[in-house]
Amino acid sequence: MKVKLNRGFYQDPDVVSCAKALVGKVLCTNVGGQYTSGIITETEAYSGSNDKASHANNGKRTKRNESMYLAGGHAYVYLCYGIHHLFNVVTAPKDQADAVLIRAIEPLEGLEIMLNRRNQKELKKDLFKGPGKVSQALGISLKEDRKDLQGESIWIEDRNINVTDDALKVSARIGIGYAGEDALLPWRFEL
DNA sequence: AAACCGATTAACT
DNA sequence: GTTAATCGGTTTC
């Protein structure tokens, strides 16, 4: 059974619980006429308010992070280190600026296409583990920024994959050492 | 107008 | 374990 997540799912005011809930869901893209999908296996929560690691910390609002202020259920894509596109799911009601970073997937459909995009010939370990790799595999670029996840080019489905709390590994977020105490928050979730 | 830098990755030693 | 690659956005002058 495939069910596209509806607007209500993304309106959860608690970005941490939403990040948890997204693990085990299926991220699908239809970019350049090519359909690909994968099971989300790792996420991180970023809270718009009171989280030094977030681009929207302390109500910061710039051209880059503008899409974080959209209603939950939109995409926030930005360029990191001048090289990698990082894909986030905006959550919570409009203007709360919460977002969940998708850090890893397990390929499901369109494996050949995803391997091609990654310049790989065969499936190897860790090929789709890492936020930059996820975006590359699924064809996500800055063009997908601000996109509505209810649309036809990028969306998330519930396929009844059961993820128990026990199966989830919880840890501190990656690459945000500059965030002081907030770098220690256990807001990273992986299978 | 120029400097500074990052929610990373791949290719090294 | 270390480090180069690379560039739009943000900050600073």
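None of these values were measured; they are calculated from a predicted model. Lettering follows sequence order; numbering is per chain, from 1. Basis for what follows: all heavy atoms, side chains included, without hydrogens, waters or symmetry-related copies.
With A:Glu42 as reference, A:Arg188 is the one residue of A:Lys169, A:Lys129, A:Arg188 to meet the salt bridge (charged side-chain N to carboxylate O under 4.0 Å, His left out) rule.
Residues satisfying the side chain to side chain donor-acceptor pair (under 3.5 Å) test with A:Asn57, not counting sequence neighbours, are none. For A:Gln136, the side chain to side chain donor-acceptor pair (under 3.5 Å) partners two or more places apart in sequence, or in a different chain, are A:Arg118.
Counting only residues at least two apart or in different chains, salt bridge (Lys or Arg N to Asp or Glu O under 4.0 Å) contacts with residues 11-27 of chain A comprise A:Lys20-A:Asp165.
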Could you pull out every donor-acceptor pair under 3.5 Å between side chains of residues 86-94 of chain A and any protein atom, sequence neighbours left out?
| unit_1 | atom_1 | unit_2 | atom_2 | d |
| --- | --- | --- | --- | --- |
| A:Asn88 | ND2 | A:Tyr76 | O | 3.2 |

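With ring centers used as reference points, A:Tyr78 lies under 6.0 Å from A:His55.
Contacts of A:Lys60 with the nucleic acid, taken as non-hydrogen atoms under 4.0 Å apart, involve only primed sugar atoms and P, OP1 or OP2.
Atom pair A:Asn58:CG and C:dT11:P shows a separation of 12 Å (rounding to whole Å applied).
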- Note on the structure: Symbol by symbol from the 5' end, with Watson-Crick or G-U pairs under 3.5 Å, [ ] crossing and | another strand, DNA chain B is ||||||.|||||.
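Counted by atom type alone, A:Ser153 and A:Asn30 present zero donor-acceptor pairs between their side chains at under 3.5 Å.
Annotation for A:Asn160: atom CG counts as buried by contact number, over 12 foreign heavy atoms lying within 6.0 Å.
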- Task: Would you give a per-nucleotide map of nucleotides 6-13 of chain B, 5' to 3', where B means the base has a protein non-hydrogen atom under 4.0 Å away, S means only the sugar-phosphate does, and - means neither?
- Result: BBBSS---
